[in-house]
Protein chains: 2
Amino acid sequence: MDVAVIGASLTDFGEREAWVGALLSEAATACLADAGVAGETIDNLLVANMASGEFEGTTGVMNALAADIGATPADARRVGQTSASGGAGLVAAWESVASGRSEATLLVGGEKMTHLDTAESADVIASLTHPIEYKHGVTLPSFAGLAARAYLDRTDATRESLAAVAVKNHDNATHNPHAQFQKSVDIETVLSSPVVADPLRLYDFCPVTDGAAALLFCPVSVAREHAESFVRVAGVAGATDTHAVHERPDPTKLGAAVESGEQAFEMSGWQPDDIDVAELHDMATVLEPLQLEALGFADRGEGWRHALDGTTALDGALPVNPSGGLKARGHPLGATGVAQAVEIYWQLLGEAEGRQVDAQRGLTCNIGGFGNCVTTALLEVAE
Amino acid sequence: MDVAVIGASLTDFGEREAWVGALLSEAATACLADAGVAGETIDNLLVANMASGEFEGTTGVMNALAADIGATPADARRVGQTSASGGAGLVAAWESVASGRSEATLLVGGEKMTHLDTAESADVIASLTHPIEYKHGVTLPSFAGLAARAYLDRTDATRESLAAVAVKNHDNATHNPHAQFQKSVDIETVLSSPVVADPLRLYDFCPVTDGAAALLFCPVSVAREHAESFVRVAGVAGATDTHAVHERPDPTKLGAAVESGEQAFEMSGWQPDDIDVAELHDMATVLEPLQLEALGFADRGEGWRHALDGTTALDGALPVNPSGGLKARGHPLGATGVAQAVEIYWQLLGEAEGRQVDAQRGLTCNIGGFGNCVTTALLEVAE
């Protein structure tokens with residue numbers, strides 16, 4: 001069964017004075033309002049969240065949300081894939097509708113993180129890595145630093161080309177009222193910010209963020225009755241790479257992004273050339289060029305050129321992270337994969353005021369761990 | 001697409017000197033061996049787990065498992081629904097195959113709990129309840145005690161009839177080599193054990209358990225090529241009730257069990273009379289008669305008679321919890337819903353040595369929280 005998306009929402013991202021349950025409810029309520037659908041219409045509720053238990057000692061988030069939005073007795077479950085929980089939610093939501101079990105699946109992704117200090121928060125996040133690597137002190141930022149070093153050594157990429165990713169995504173976020181950082185930064189600021197994991201610096205990394213995002217899925221046949229135009233899920237796929245990053249022959253090759261991208265393109269019948277806009281998982285700047293290469297948007301070792309030469313700017317041939325990306329919109333773990341698809345939804349339906357690009361087809365790529373599991377989704381405007 | 005199960009496994013349940021990752025791998029490996037399928041055949045891996053982050057500080061369990069069993073680059077995600085995570089896994093696995101996205105989905109449920117003391121463990125479990133109720137000190141055992149008191153007051157049920165559930169399930173577990181408690185208890189022992197939540201006592205409750213269980217799902221068309229007989233998923237449904245238990249007009253009515261049961265029966269075209277064997281969620285003894293009533297196996301207020309009069313014994317008209325149930329097989333949260341279906345799988349295929357009943361069709365009912373979300377699954381032997 002063909003699967004459609006008929007509603008989308010995003011809370012403001014940043015430091016929020018609200019627990020995860022309130023953030024999920026805020027996004028869910030806004031999404032239902034956006035679609036003009038009542039909570040009681042929902043027959044299936046999926047909550048994408050990495051670690052509400054570890055962050056704030058609550059695990060019944062999906063049951064609470066069903067009650068909050070009046071969706072009881074809808075089925076409700078939680079979907080997790082660490083920092084790609086939102087992407088895993090896209091797969092799960094697609095399956096719920098495509099299997100014929102659901103006519104109205106509400107996917108809500110969210111995370112509340114900023115109440116912990118950075119060390120505590122990093123400890124929760126590090127729980128997703130391989131225990132041996134964790135024990136040796138290798139965190140996600142360290143993996144990014146090591147990969148960036150290898151990338152700079154093995155290709156013609158310059159340090160400036162990575163900073164250009166941060167500059168672009170910060171620029172884009174100045175047009176996104178939901179973004180955590182609605183301010184521009186220049187290359188000098190990025191290159192003079194404190195070193196986090198050499199050669200990467202503070203401004204190469206996404207912040208710690210609170211926020212939630214929601215999408216409403218239904219069969220295309222239902223969407224046609226409901227709205228004049230909507231978004232169709234043309235392809236969606238998830239794939240794993242080695243759990244231990246040190247087992248990979250080349251840390252600059254995101255194998256799970258390659259695999260999930262190939263599967264999603266095969267499912268849709270599209271090629272990378274068909275994509276007009278993309279939201280990529282720029283937890284660290286270096287991940288944006290690595291995903292451009294893994295997904296077929298750039299040759300191997302050449303992805304770094306795109307942020308420098310304007311290809312991935314709002315007015316470029318392939319705008320990437322018009323939302324501001326994880327870098328500047330923010331990265332509330334379980335929300336991110338959903339938020340990426342929300343941005344593409346808005347772009348495809350012409351609702352991305354201030355940062356609108358010309359797009360019929362879009363892609364999202366959400367990464368769990370350091371490429372340990374990746375979900376790629378392909379969306380298009382439909383009638 | 002019709003969905004089949006072609007392999008099943010259970011680790012030994014009890015106090016295990018192994019972390020959750022090792023338990024999941026043990027169950028997954030045994031399930032693949034049972035089906036005669038290689039890890040690389042798996043294209044989709046679902047891990048049902050409530051709280052590996054809270055219990056032992058690890059959240060990348062699905063990525064680790066994919067690596068352990070050689071399933072990389074299969075998609076992998078975590079499915080949660082608190083103590084019904086396993087049941088939610090059945091829904092998710094069914095959707096993965098029924099949607100056409102997967103030809104080989106391995107569902108592995110597991111939890112490692114016994115390394116924490118009871119108070120710490122109870123604190124993790126209580127994270128699933130409504131925060132207001134939690135704040136007032138109402139835990140899952142208290143809900144069961146309150147419901148048992150109401151049940152004894154409002155019906156003709158006797159205290160002995162609840163103890164009879166524990167006696168029956170302990171008896172059954174003496175024939176289950178994987179069970180945590182392979183010993184019988186008598187009614188006097190149950191009735192003289194320490195009070196936990198009046199009128200319920202220690203022997204009315206399931207233990208804290210480590211363990212894992214696994215099932216291999218594929219399309220029926222694939223199953224037919226693979227094996228002479230297998231199990232077909234005839235119906236599967238999940239439903240929520242109010243998140244705050246105090247909002248329910250009648251705490252002895254498990255509304256989400258009623259709803260998910262009706263949906264599953266409707267999907268299958270079966271009636272309760274068609275069921276030959278059932279695995280119910282006896283976290284507390286009183287829940288077994290309440291589920292018999294909710295699922296249409298007994299009239300309201302009459303379910304307590306079945307354990308007393310032998311209806312639900314191994315040689316009764318409807319054997320319930322031949323495995324020993326949560327009460328005596330044990331209750332490793334995320335494993336339980338999967339373990340229930342493993343028992344039905346074995347019963348349907350005649351592989352339940354020592355406790356085999358005559359069954360063509362079976363039912364499982366897995367409860368999250370105190371009926372906050374319930375999954376019902378209907379299985380039948382097929383060729």
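Chain letters run A, B, ... following the sequence lines, proteins first, then strands; residues in each count from 1. Computed from a predicted structure; not experimentally measured.
- Only the side chain of B/Ala66 comes within contact range of chain A, judged by heavy atoms closer than 4.5 Å.
- Considering every non-hydrogen atom in both B/Thr240 and A/Ala76, the closest pair reads CG2-CB, 3.7 Å.
- The CZ atom of B/Arg78 sits 14.5 Å away from atom CZ of A/Arg77, with the distance rounded to the nearest 0.5 Å.
- Taking chain B as the reference chain and counting heavy-atom pairs below 4.5 Å, the highest number among A/Pro73, A/Ala98, A/Gly238, A/Gly80 is found for A/Pro73.
- Here A/Val79 is the residue among A/Val79, A/Thr375, A/Asp123, A/Val124 with the most heavy-atom pairs under 4.5 Å with chain B.
- If you measure heavy-atom distances from B/Glu54 to chain A, the contacts under 4.5 Å come from both the backbone and the side chain.
- Proximity of B/Asn63 to A/His130: side-chain heavy atoms (C-beta onward) are nowhere separated by under 4.5 Å.
- For a residue to count as touching a neighbouring chain, one of its non-hydrogen atoms must lie under 4.5 Å from one of that chain's; by this rule A/Ala51 does not touch chain B.
- Heavy atoms from other residues, nucleotides or ligands lying under 6.0 Å from CD of A/Glu120 number more than 12.
- The candidate from B/Gly60, B/Ser99, B/Pro131 with the greatest count of non-hydrogen atom pairs under 4.5 Å with chain A is B/Ser99.
- Contact of B/Thr72 with chain A is made through backbone and side chain together, with heavy-atom distances under 4.5 Å.
- Rounding to the nearest 0.5 Å gives a distance of 7.0 Å between CD of B/Glu95 and OG1 of A/Thr105.
- If you tally non-hydrogen atom pairs under 4.5 Å between each of B/Ala74, B/Ala88, B/Gly57 and chain A, the highest count goes to B/Ala74.
- For B/Glu247, the CD atom is densely surrounded, since the number of other residues' heavy atoms within 6.0 Å is greater than 12.
- No other option in B/Glu56, B/Met50, B/Gln81, B/Met62 has as many heavy-atom pairs under 4.5 Å with chain A as B/Gln81.
- A heavy-atom distance below 4.5 Å is found between the side chains of A/Arg101 and B/Val91.
- With chain A as the partner, the residue from B/Gly21, B/Ala239, B/Gly255 showing the most heavy-atom pairs under 4.5 Å is B/Ala239.
- The contact between A/Thr242 and chain B is made entirely by backbone atoms, counting heavy-atom distances below 4.5 Å.
- Listed options A/Ser127, A/Ala126, A/Ser52, A/Ala64 were ranked by heavy-atom pairs under 4.5 angstrom with chain B; first place goes to A/Ser127.
- Heavy atoms closer than 4.5 Å to chain A are found in both the backbone and the side chain of B/Ala92.
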Tell me, with the steps shown, if B/His243 and A/Leu65 meet side-chain contact (heavy atoms from CB on, under 4.5 Å).
-> CA-CA 9 Å; B/His243 188 41; A/Leu65 183 59; over 6 Å; no
